[in-house]
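Worksheet: one structure, shown below.
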Amino acid sequence: MRRLKILMFTTFYPPYSFGGDAVGVQRMARALAARRHEVTVVHDEDSYLILGGKVQAEGAPDGVRRIGLRARNGFLSNLLTQQTGRPVWHGARIRALIEEMRPDILWYNNMSLVGGPGLLDHGDAFKVYEAHEHWLVCPTHVLWRHGRELCDARQCLRCVVSYRRPPQLWRHTGLLDRALDKTDLIIAKSDFSRDKHADFGLRQPMTVLPYFLPDLDHRAVEPYRGHPRPYFLFVGRLEKIKGLQDVFPAMDKYPDADLLILGDGDYAAELKAQAAGNPRIQFLGRKSPDELNAYYRGALALIVPSVCYETFGIILIESFRLGTPVIARRLGPFPEIVETAGGGLLFETEAELLAAMGRMQADAASRESMAAAARGAFEANWREDRVLAAYGAAFAAAARARGRCDLARDLEEGAFERGAREG
C-alpha cells in the first residue's frame, strides 16, 4: 500500500486557531500522518492575528507539515479573498505548492479566508470539501441571523451588515456552485447539517461523516476532586451563541450543585457580570487536555446549551468518551447525537433543564445507565478507528465513481485504517 500525499487547506489551524473546528482538522491531519501518509496543512496566519488571536506555543512534532500563510499586508490579503472568493495574494504560491507536491487528495476545510471557493479551481487531484460550519450557505458561517436569532429565511445583506462585514458579491455569481461541481466528495458532520445545507439551497449531495476522538482508558482518568461540591460542567468558547447565559437563571433555582465553566472568549466579561450574584457559578478559564478530562470525569453531566445551529458538537463526544452523560438543548444536531447514544437528556425550557439536572443528581441508577450508554456509543460511533474506516469507505466509493481507480483501490485496502507502507 503506497503512502498517499494529502494537502489540506483551512483558514485556522493550531497554533493559529480559536476553537474546535481547527482542532478537528488537526486531529484528522495527525491521524493520517500517524498512518504514515504525507500530510501538509496550509492555513492563513493573518486572519487569526487580525481577529485578535495571540501567537501560541508550537506543539511537539506530530508528522504534519504546517505552512502558515502571511502577507506583507495581511488585512488587504484577507479582504481581497473575502471579497473576490479567490486566493488573490497567495494564489501563485498555492499553485506552485500543488505542482511541487502533486497530491493524491486535496482536502478543503474552512476556506473562507485561506482562498475561498477559487481554491477549488487549483489542481486535478481527488477533491474533498468538509463543512465544519455552514459557510457554504451562510456568509457569517453560523446561520445566526442579525446576531440575535436562528435563521429560517435569507436576509443575507442586512445580516452581514449587522455583523459589520462587507457583503460578498461573488456569492451571487454562481462561483461557489460551479466550484463545488468540481469537488468529488462533500462532507457534512451530521444529518442535521446536511439537511440544513439543502434547506438553504445547496444542490450538491453531501455525505455525513462525524468527528472522532482517539480512544483512551476512561477508567484510568481520575475524576477532578478539587471542588468540594457536586458540579455540572460547561466546556467551550464563551460566546453568546453558546447559550450559557440561559443556564444562569436555572442555577439560581438549583442550590444542590455548582456550575463550573471551562473556556474563554469575547463574551466572557458579560457572562461574568451576569453571574456575579451567584457564587456557585465559577469561571475557571482554559485547561490542559489532561485537566479537562479530569473535570469531565468528575461532573454530574456536561451542559450544552447552544442557541445556534451547530454542525456537530465535539464536546458531546469528549464527554461520552469519559463516560459522562450530557444535558443538551433540543436543537440542531444534538438530538440525533444524544438519542443515538442514549447518553443524556434534552431540554427546551428552563423547567426541562432543571428537571434534567435534578434527575442526573438524584437518580444515580439512571445516570449510571446513561453514562454506560454514552461510553458504549462513543466506542461504536466516534472512536478514531471506526470513523477513519468510514472515511476510507466514503472516499473509495467517490474515487471509484469518478474513475480514480488507483486511489479507490488504496482506500478499499485500508489506507485510512491500517496505515501505509513506505513505497
### Ring centre gap for Phe416 and Tyr391 strictly below 6.0 Å
no
### Message
salt bridge (Lys or Arg N to Asp or Glu O under 4.0 Å), that's the test. Do Arg194 and Asp191 meet it? Break it down for me.
### Response
CA-CA 5 Å; Arg194 177 199 58 202; Asp191 291 343; 3.7 Å; yes
### Gln361 and Tyr254: side chain donor to acceptor below 3.5 Å
yes
### Task
Mark yes or no for whether Thr81, through its side chain, and Val114, through its backbone, hold a donor-acceptor pair below 3.5 Å.
no
### Query
Quick one: does Lys189's side chain have a donor or acceptor within less than 3.5 Å of a partner on Leu209's backbone?
yes
### Query
Is the count of non-hydrogen atoms from other residues, nucleotides or ligands lying under 6.0 Å from Arg164 atom CZ greater than 12?
no
### Task
Measure from NZ or CZ of Lys242 to the centre of the six-membered ring of Tyr267, then state whether that distance is under 6.0 Å and the direction lies within 45° of the axis.
no
### Summary
Nearest heavy-atom approach of Arg93 to Gly68 is NH1-O, 4.3 Å
### Message
Can you classify the ring geometry of Trp135 versus Trp170 as parallel (below 30°), tilted (30 to 60°) or perpendicular (above 60°)?
### Response
tilted
### Query
At what distance, to the nearest 0.5 angstrom, does CG of Asp264 lie from CZ of Arg237?
8.0 Å
### Message
Looking at every non-hydrogen atom in both residues, tell me the closest pair between Pro335 and Gly332 and how far apart they are.
### Response
CD-O, 3.3 Å
### salt bridge (Lys or Arg N to Asp or Glu O under 4.0 Å) between Asp266 and Lys240, intermediate numbers included
CA-CA 9 Å; Asp266 296 338; Lys240 191 172 184 179; over 6 Å; no
### Rounded distance (nearest 0.5 Å) linking atom CZ of Phe9 with atom CD1 of Ile67
8.5 Å
### Task
Taking Arg286 for its side chain and Gly263 for its backbone only, find out whether a donor-acceptor pair lies under 3.5 Å.
no
### Query
Is there a side-chain contact (heavy atoms from CB on, under 4.5 Å) between Gln83 and Leu169 once you walk through the steps?
CA-CA 7 Å; Gln83 284 291 284; Leu169 297 181; 5.5 Å; no
### Query
For the ring pair Trp107 and Phe395, is the centre-to-centre distance below 6.0 Å?
yes
### Message
Given 3.5 Å as the limit, does a donor-acceptor pair link the side chain of Gln204 with the main chain of Asp177, or not?
### Response
yes
### Query
Above 12 or not: heavy atoms from other molecules or residues under 6.0 Å from CZ of Phe75?
no
### Between Ser193 and His134, a side-chain donor and acceptor under 3.5 Å
yes
### Query
Please walk me through it: do Arg27 and Ile314 pass side-chain contact (heavy atoms from CB on, under 4.5 Å)?
CA-CA 12 Å; Arg27 192 172 287 125; Ile314 296 176; 4.2 Å; yes
#### Entry: Residue pair Glu318 / Asn293, side-chain donor-acceptor N/O under 3.5 Å
no
### Task
Over 60° means perpendicular and under 30° means parallel, so classify the ring planes of Tyr309 and Phe192, tilted if in between.
tilted
### Message
Taking the basic N atoms (NZ, or NE/NH1/NH2) and the acidic carboxylate oxygens, is any pair closer than 4.0 Å for Asp121 and Lys127?
### Response
no
### Query
Asp46 and Asn78: side-chain donor and acceptor closer than 3.5 Å?
no
### Query
Charged N to carboxylate O under 4.0 angstrom, Arg30 versus Glu384?
no
### Task
Give a yes-or-no answer on whether the side chains of Asn110 and His132 include a donor-acceptor pair shorter than 3.5 Å.
no
### Message
Please tell me whether Arg66 and His43 have a donor and an acceptor in their side chains that are separated by less than 3.5 angstrom.
### Response
yes
### Message
Any side-chain to backbone donor/acceptor pair from Ser190 onto Thr311? Under 3.5 Å, distance only.
### Response
yes
### Query
Between Leu345 and Met370, is a side-chain contact (heavy atoms from CB on, under 4.5 Å) present by the stated rule, with each step listed?
CA-CA 9 Å; Leu345 301 171; Met370 286 185 279; 3.9 Å; yes
### Message
Could you check whether Arg383 pairs with Glu379 (Lys NZ or Arg NE/NH1/NH2 to Asp/Glu carboxylate O, under 4.0 Å)?
### Response
no
### Query
So, Glu352 side chain and Leu346 main chain: donor-acceptor pair closer than 3.5 Å or not?
no
### Query
Distance-only, no hydrogens or angles: does the Arg178 side chain make a donor-acceptor pair with backbone N or O of Thr173 under 3.5 Å?
yes
### Query
Which atoms form the tightest heavy-atom contact between Leu388 and Leu32, and what is the distance?
CD1-CD2, 4.1 Å
### Query
Hey, is the main chain of Lys54 close enough, under 3.5 Å, to the side chain of Tyr48 for a donor-acceptor pair?
yes
### Message
Please check if the number of heavy atoms outside Arg229 that lie under 6.0 Å from its CZ is greater than 12.
### Response
yes
### Message
Measuring only between side-chain heavy atoms, which start at C-beta, is Leu271 closer than 4.5 Å to Ile261?
### Response
no
### Summary
For Arg386 and Ala380 the tightest heavy-atom approach is CD-O, 3.9 Å
### Message
Taking Leu259's backbone N and O only, do any of them form a donor-acceptor pair with Arg280's side chain (distance below 3.5 Å, no angle check)?
### Response
no
#### Entry: Tyr129 and Tyr108 aromatic centres sub-6.0 Å
no
### Query
Do Arg297 and His218 come close enough that some side-chain heavy atom pair is under 4.5 Å?
yes
### Message
Using a 3.5 Å distance criterion without hydrogens, assess whether the side chain of Arg329 forms a donor-acceptor pair with backbone atoms of Ser306.
### Response
yes
#### Entry: pair Leu106-Leu120: side-chain heavy atoms closer than 4.5 Å
no
